[in-house]
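Nothing here was measured: the structure is a model prediction, and the numbers come from that model.
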Amino acid sequence: MKKIWILMIIVLIVGVLQAYTITSAVEAQSLAKKHANEDVNRIMPFFGGVLFGPLAPLYHYISTPEVPANRLIQIKEMIPKDQSYLFDVYVQTYRNEVKMLKANSSWLGWAIWIVTVLAISNA
């Protein structure tokens, strides 16, 4: 009976360790997009679009956002040593997603500003 419990615990530990391993580029990209959506602040780029117009989204397209250090540590632990290219896939996807989210938020802020100005001028 004791051997069965030990075997079950080993199977459970192996299953948990495999569940937190990234093995393909698609998994790395989907995780990067998920993390970017969780981490990005959309309020400041929105107000940047309201205040600075089209300069704010252009800034977000040009700038290169950094991946938070805690995310980098998590990902390095999840990627096997022989597939280190997945780390670069994750970082590039994360940066592109953050750029897109912030730029879209800035464009929305600028559009709201234009609609507000048009509504006030036609009133």
Side-chain angles (χ1 to χ4, degrees):
M1 187 69 170
K2 191 174 184 180
K3 290 180 182 180
I4 293 174
W5 282 106
I6 292 173
L7 181 63
M8 289 176 66
I9 291 173
I10 291 172
V11 169
L12 180 67
I13 290 172
V14 168
V16 168
L17 290 176
Q18 287 180 349
Y20 291 104
T21 302
I22 297 174
T23 57
S24 71
V26 174
E27 290 177 8
Q29 289 174 336
S30 66
L31 189 62
K33 289 180 180 182
K34 178 180 172 259
H35 286 169
N37 281 312
E38 292 172 359
D39 294 343
V40 73
N41 178 6
R42 292 182 180 97
I43 295 171
M44 295 304 288
F46 175 82
F47 284 115
V50 171
L51 294 174
F52 300 112
L55 295 177
L58 292 176
Y59 168 75
H60 291 297
Y61 283 128
I62 293 170
S63 67
T64 303
E66 290 300 320
V67 183
N70 61 341
R71 294 287 190 201
L72 293 175
I73 293 169
Q74 286 177 344
I75 294 304
K76 280 193 177 189
E77 293 173 355
M78 296 170 71
I79 295 176
K81 299 287 185 209
D82 61 335
Q83 296 178 333
S84 61
Y85 71 95
L86 292 174
F87 183 76
D88 296 330
V89 170
Y90 175 87
V91 169
Q92 191 62 38
T93 305
Y94 184 93
R95 287 178 176 169
N96 290 340
E97 188 71 15
V98 169
K99 273 186 184 185
M100 184 200 64
L101 292 170
K102 286 185 174 185
N104 288 345
S105 184
S106 297
W107 285 120
L108 180 64
W110 188 42
I112 295 294
W113 181 81
I114 289 173
V115 168
T116 304
V117 168
L118 290 175
I120 290 173
S121 66
N122 289 335

Legend entry - ILVMFWY clustering at 4.5 Å (side-chain atoms), partners of Leu108: Ile43, Phe46, Phe47, Val50, Tyr61, Trp107, Trp110, Ile112, Trp113, Ile114, Val117, Leu118

Legend entry - Residues clustered with Val115, ILVMFWY side-chain links under 4.5 angstrom: none

Inset, instruction - State whether the number of non-hydrogen atoms from other residues, nucleotides or ligands found under 6.0 Å of Phe52 atom CZ is greater than 12. - result: no

Legend entry - Heavy-atom pair of closest approach, residues Val89 and Ala25: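 Val89 and Ala25 have their closest heavy atoms at CG1-O, 3.9 Å.
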
Inset, instruction - Over all heavy atoms of both residues, which pair between Pro45 and Ser106 is shortest? Give the atoms and the distance, please. - result: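 Taking Pro45 first and Ser106 second, the nearest heavy atoms are O-OG, 3.1 Å.
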
Spatial distance of atom [atom1] ([X]) from atom [atom2] ([Y]) [nearest 0.5 Å]:
{"X": "Ile22", "Y": "Lys76", "atom1": "CD1", "atom2": "NZ", "result": "13.0 Å"}
{"X": "Glu97", "Y": "Asp39", "atom1": "CD", "atom2": "CG", "result": "11.5 Å"}
{"X": "Leu86", "Y": "Thr23", "atom1": "CG", "atom2": "OG1", "result": "8.0 Å"}
{"X": "Asn104", "Y": "His60", "atom1": "CG", "atom2": "NE2", "result": "10.5 Å"}
{"X": "Ser105", "Y": "Met100", "atom1": "OG", "atom2": "CE", "result": "11.0 Å"}
{"X": "Thr93", "Y": "Lys33", "atom1": "OG1", "atom2": "NZ", "result": "7.0 Å"}

Going by heavy atoms in the side chains, are [X] and [Y] under 4.5 Å from each other?
{"X": "Arg42", "Y": "Asn37", "result": "yes"}
{"X": "Tyr94", "Y": "Ile75", "result": "no"}
{"X": "Leu72", "Y": "Phe87", "result": "yes"}

Got a sec, which residues hit salt bridge (Lys or Arg N to Asp or Glu O under 4.0 Å) with [X], two or more places apart in sequence or on another chain?
{"X": "Lys34", "result": "Glu38"}
{"X": "Glu66", "result": "Arg95"}
{"X": "Asp88", "result": "none"}

Legend entry - Hydrophobic cluster membership, Leu58 vs Leu51, 4.5 Å side-chain cutoff: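 Result: no, two separate clusters.
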
Inset, instruction - For His35, enumerate each residue passing the ring-ring contact (aromatic ring centres under 6.0 Å, His included) test, keeping only those at least two apart in sequence or located in another chain. - result: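 If we apply the ring-ring contact (aromatic ring centres under 6.0 Å, His included) test to His35, skipping adjacent residues, the hits are Tyr90.
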
